[in-house]
Amino acid sequence: MDRRIGVYVCECGPNIADRMDIDKLIESLGYSGEDVVLGRHKLLCSPPGKNFLKEVIETEKLTHLVVGACSPKQHETTFMNVCEDAGLNPYLFQIINIREQCAWITEDRDEATQKGELLMRAGIERVRRQIPLKKEEIERNPDVLVIGGGVAGIEASMMLASKYRKVYLVEKGHQLGGRVMSYNMVVPGMKSGAQLVGGMIENIKNNDNITIFTDAEVEKVRGFFGNFVVEIRQKDSAQNAEPINVGAIVVATGTGVWDPTNDLKYSGYTGSGGGNSDILITADELEKLDLSHTSVDWLGNASSVGIIHCVGRDNVNYCSQMCCKTSLKYNRLVRELSQDINVVHFYRDICMPGKDDMKFYLNSRANNVEFVRSRVSGVKEHDGKVLVSYTNSGGDTKEKILDRAVLVTSLIPPRGSRDLARLLNISVGEDGYFQEGHVKLGCVTSTLEGIFMAGCAHEPMGISSTIEEADAVSGRILSSLAPGKISISPEIATVDAERCIACLTCVRVCPYMVPEIGEEGVAVIQPSLCKGCGTCVGECPAKAIQLQNYTDDQIMIQCGSLLLEVIH
Amino acid sequence: MNQEAESIKRLDGDFEPKIVAFCCHYCAYNAADLAGSKRLSYPKNVTIIRIPCSGKIDVIYLIDAFEKGADGVYVAGCEIGDCHFKEGNKRATKRVAHAKKLLNEVGFEGERLEMYYIPASMGQKFADVAREMTEKIRKMGPSPVNREVNE
């Protein structure tokens with residue numbers, strides 16, 4: 001079939017028409033008599049405009065189309081769809097930005113007309129080098145990977161599996177249940193963590209739709225929403241399991257706790273196993289003791305216990321939401337053991353919002369319980385006791401000696417968050433927590449489509465909020481990740497096997513770890529995983545890779561045309 | 001009026017440099033659109049070629065542009081740390097530095113080539129960069145390729 005390139009300039013109402021001489025532009029392109037059909041239209045993106053384009057493609061038997069109009073960011077897809085409707089391959093089309101990048105940057109009509117002509121000519125020359133490309137379609141994978149087997153991970157897995165989604169749950173540790181499993185009691189019901197989540201763990205183990213990997217970590221993630229390929233490494237096996245395919249990923253990696261060991265303010269605390277845990281201990285360490293017996297041992301015959309709130313708050317620069325509950329929980333524990341022990345809270349603010357938690361706080365206030373609003377400046381050991389120095393709300397510096405004290409530490413992002421973020425290609429905020437897609441409207445989505453977050457992985461929170469988030473994530477996934485087809489853009493990197501020298505450059509530079517050296521001994525780029533950035537293309541020393549629709553030939557022709565003198 | 005302006009330019013011995021800007025789709029190209037939407041004027045001689053990511057830039061494109069008569073060339077990507085494709089802009093930075101070195105080695109002023117980082121939301125910065133680059137190249141005069149052609 002003979003080549004016939006349709007070239008149409010959109011007036012965009014007055015937006016382009018008022019700022020350049022479109023007739024002059026078309027005339028000076030000077031393609032008359034060649035394989036080019038020229039024309040103009042009032043508003044090509046309007047329904048009549050689209051019909052007009054469709055008709056000219058059909059009646060003029062166009063093989064290529066160039067439209068001079070707005071930015072491709074605005075209507076490239078619109079016109080590509082018109083091409084498709086009219087039976088023209090949409091990759092034989094160019095939109096030339098003569099509005100934002102031409103008509104709107106100068107008040108001078110002649111200047112705009114001249115530049116418009118230059119841009120159009122470059123587009124026409126480029127489109128001549130374009131080839132038809134085909135969009136591949138693949139099945140969208142409805143299954144889900146959940147990272148982290150704590151409360152959030154278990155809840156999300158159960159919800160998803162209840163709708164017959166296959167779930168792969170990867171837990172770094174040996175057992176499921178996460179941090180909550182180590183809790184001796186949970187506010188406000190004061191049941192143990194194991195009692196609270198034990199049932200959930202039993203259920204998840206018996207669910208056929210859920211595959212659990214313990215002692216395992218995610219090692220490699222490629223692909224996109226609807227089509228992720230994940231490699232999992234299990235500690236006890238030398239080889240990775242077969243890569244699994246999922247459509248979405250839930251990050252539920254839980255929380256870490258701030259370590260006061262090296263902070264001079266808490267010089268009395270020498271770290272876990274430091275020898276003084278009999279008088280000064282962190283909340284996390286206290287949880288790990290079997291409180292039914294050991295706490296009694298730990299308290300010994302103490303007559304006073306200090307509970308120090310907000311430990312590490314000035315270092316992390318946020319309120320961890322959970323520590324007041326934890327502090328009051330110990331208060332309750334001590335009081336249950338003995339009414340005679342004097343409990344002193346060193347607190348800055350009490351953060352116990354909500355209908356149940358506030359009650360819990362009010363019920364904790366009693367005789368022999370002191371709430372000292374203060375800034376603690378030092379916690380030292382002194383004659384086998386704990387010496388707390390503080391400034392009270394009146395500004396006076398004071399000291400208090402206590403038999404025992406608990407440091408209630410801030411929650412921090414779990415270890416390895418940054419590495420995981422890099423692996424998943426999602427962002428981490430300044431505080432080290434995974435960043436939300438939108439702080440309010442997308443609080444369980446990450447910065448990448450298809451990767452969701454629940455629980456403390458992105459913000460310190462309590463168990464009930466964690467469950468809410470896990471349910472919210474499940475809802476989002478079930479509503480957006482429906483089985484069906486996804487079309488894959490053909491604007492991806494392709495390897496010329498003849499030229500590839502298997503130098504591994506592409507393997508190293510790809511930000512998404514897509515290229516591999518295949519069985520043939522040359523680089524293989526899987527179309528469904530390539531994101532089309534072209535980084536490997538720019539670096540390939542053998543020029544064996546081309547990015548479709550952005551080939552060297554196409555770009556250099558466009559560049560060369562732009563540099564031609566326009567002489568009138 | 002226009003003719004008058006033209007003649008003043010000629011009297012000043014000014015020349016209008018031809019500049020090609022390779023802009024990444026997600027940031028710099030968007031900033032260029034925004035500059036237009038805000039009606040910020042910048043020199044029309046700066047023409048833009050859209051690439052998916054600044055990491056797509058190839059040393060060959062840069063050298064080729066100079067061979068074909070560009071007086072100045074620049075690559076504009078996202079801010080470092082904010083690249084849509086993770087680190088394409090870092091790769092681009094290295095390649096531009098490499099191309100500069102090659103240009104200098106053959107006695108072709110490497111300063112005619114630059115790398116910029118322009119966030120999608122900064123139309124003003126796009127216009128400023130276009131002006132800055134044009135001013136710089138205008139001071140340097142036509143590229144050695146164009147000088148030879150003219151002589």
Side-chain angles (χ1 to χ4, degrees), chain A residues 15 19 70-74 76 95 97-112 114-116 118-119 122 126 422 425 427 489 491-493 509-512 531-540 543 547 549-550 552 554-565, chain B residues 1-2 5 18-20 22-26 29-30 32-62 64-71 73 81-88 90-92 94-95 123 126-127 130:
Chain A
N15 282 314
R19 297 179 76 106
C70 53
S71 167
K73 296 230 166 197
Q74 200 132 14
E76 186 173 45
I95 181 166
N97 190 340
I98 58 165
R99 194 179 73 175
E100 280 87 344
Q101 295 180 6
C102 177
W104 283 354
I105 60 156
T106 173
E107 291 291 331
D108 186 326
R109 256 173 89 86
D110 292 341
E111 234 181 58
Q114 254 183 42
K115 181 166 186 177
L118 194 66
L119 297 177
R126 191 191 199 282
R422 215 166 295 131
N425 192 25
S427 302
S489 164
E491 292 179 346
I492 48 164
V509 304
C510 175
Y512 305 99
K531 292 185 196 264
C533 65
T535 301
C536 58
V537 185
E539 209 107 343
C540 176
K543 289 254 136 270
L547 184 65
N549 217 28
Y550 288 94
D552 292 346
Q554 290 161 356
I555 290 179
M556 290 200 288
I557 275 291
Q558 186 185 1
C559 180
S561 296
L562 287 174
L563 290 166
L564 285 177
E565 288 290 351
Chain B
M1 174 64 203
N2 258 335
K18 285 184 286 183
I19 296 174
V20 176
F22 289 95
C23 292
C24 78
H25 175 84
Y26 288 92
Y29 193 89
N30 209 71
D33 278 354
L34 199 59
S37 299
K38 291 167 86 177
R39 307 297 195 277
L40 303 173
S41 69
Y42 58 85
K44 69 159 170 104
N45 322 52
V46 174
T47 48
I48 295 166
I49 296 178
R50 181 168 59 129
I51 47 180
C53 171
S54 57
K56 169 75 173 74
I57 199 65
D58 199 311
V59 174
I60 294 177
Y61 302 168
L62 304 172
D64 178 74
F66 283 114
E67 270 181 21
K68 286 178 177 154
D71 297 299
V73 175
D82 211 18
C83 174
H84 181 83
F85 294 105
K86 288 193 190 180
E87 50 186 31
K90 286 190 196 162
R91 300 259 164 219
K94 283 188 185 170
R95 267 177 241 149
F126 185 88

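Protein chains get the first letters and strands the later ones, always in sequence-line order, with residue 1 at the start of each.
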For this session: Between chain A and each of B:Gly88, B:Cys24, B:Ala70, B:Cys83, count heavy-atom pairs under 4.5 Å; write down the option with the most.
Result: B:Ala70
For this session: Considering non-hydrogen atoms only, spot the tightest contact between B:Tyr61 and A:Met556 and give its length.
Result: CD2-CG, 3.8 Å
For this session: With a 4.5 angstrom heavy-atom cut-off, could you sort out which part of B:Leu40 is near chain A: side chain, backbone, both or neither?
Result: backbone
Exercise. Measuring heavy-atom distances to chain A, does B:His25 have an atom under 4.5 Å in its side chain, in its backbone, in both, or in neither?
Worked result: both
For this session: Counting only heavy atoms closer than 4.5 Å, note whether A:Asn15 contacts chain B via side chain, backbone, both or neither.
Result: side chain
Exercise. Are any of the side-chain nitrogens in A:Glu539 or B:Arg95 under 4.0 Å away from the carboxylate oxygens of its partner?
Worked result: yes
For this session: Assess whether side-chain contact (heavy atoms from CB on, under 4.5 Å) is satisfied between B:Tyr29 and A:Lys73, documenting all intermediate values.
Result: CA-CA 9 Å; B:Tyr29 193 89; A:Lys73 296 230 166 197; 4.3 Å; yes
Seminar exercise, completed: Minimal heavy-atom distance between A:Leu562 and B:Ile48, with the atoms involved, is CD1-O, 4.3 Å
Exercise. Is it the side chain or the backbone of A:Arg422 that comes within 4.5 Å of chain B heavy atoms, both, or neither?
Worked result: backbone
For this session: Any chance you could measure B:Ser41, atom OG, to A:Glu111, atom CD, to the nearest 0.5 Å?
Result: 9.0 Å
For this session: Would you give the length of the straight line joining atom CH2 of A:Trp104 to atom CG of B:Leu34, rounded to the nearest 0.5 angstrom?
Result: 11.0 Å
For this session: Of all the heavy-atom pairs spanning B:Val46 and A:Lys115, show the shortest one and how long it is.
Result: O-NZ, 2.7 Å
For this session: Would you check if the side chain of B:Lys18 reaches a backbone N or O of A:Leu563 as a donor-acceptor pair within less than 3.5 Å?
Result: yes
For this session: Kindly determine whether B:Arg50 and A:Glu76 satisfy salt bridge (Lys or Arg N to Asp or Glu O under 4.0 Å), including the steps that lead there.
Result: CA-CA 13 Å; B:Arg50 181 168 59 129; A:Glu76 186 173 45; 2.8 Å; yes
Exercise. Taking the side chain as C-beta and beyond, is there a heavy-atom pair between B:Tyr42 and A:Thr106 under 4.5 Å?
Worked result: no
Exercise. So which of A:Gln558, A:Gln101, A:Glu100 has the largest heavy-atom pair count under 4.5 angstrom toward chain B?
Worked result: A:Gln101
Seminar exercise, completed: When every non-hydrogen atom of A:Tyr512 is compared with those of B:Phe85, the smallest separation belongs to OH-CA, 3.1 Å
Exercise. Using non-hydrogen atoms only, which part of B:Asp33 is less than 4.5 Å away from chain A: side chain, backbone, both, or neither?
Worked result: both
For this session: Find the one option among A:Thr535, A:Val537, A:Asn97, A:Leu119 whose heavy-atom pairs under 4.5 Å with chain B are most numerous.
Result: A:Thr535
Exercise. Can you find a pair of side-chain heavy atoms, one from B:Ile60 and one from A:Lys543, that are under 4.5 Å apart?
Worked result: yes
Exercise. For B:Phe126, is it the side chain, the backbone, both or neither that has a heavy atom under 4.5 Å from a heavy atom of chain A?
Worked result: neither
For this session: Could you check which of B:Asp71, B:Ile19, B:Ile51, B:Asn30 has the highest count of heavy-atom pairs closer than 4.5 Å to chain A?
Result: B:Asn30
Exercise. Which bit of A:Arg109 comes within less than 4.5 Å of chain B, counting heavy atoms only: side chain, backbone, both or neither?
Worked result: neither
For this session: Could you pull out the closest heavy-atom pair between B:Lys44 and A:Ile105, with the gap in Å?
Result: CA-CD1, 4.2 Å
Problem set entry | Minimum side-chain heavy-atom gap A:Cys559-B:Ile49 below 4.5 Å | yes
Exercise. Closest heavy-atom contact between B:Lys86 and A:Pro511?
Worked result: NZ-O, 2.9 Å
Exercise. Given side chains that start at C-beta, do those of B:Lys68 and A:Leu564 come closer than 4.5 Å, heavy atoms only?
Worked result: no
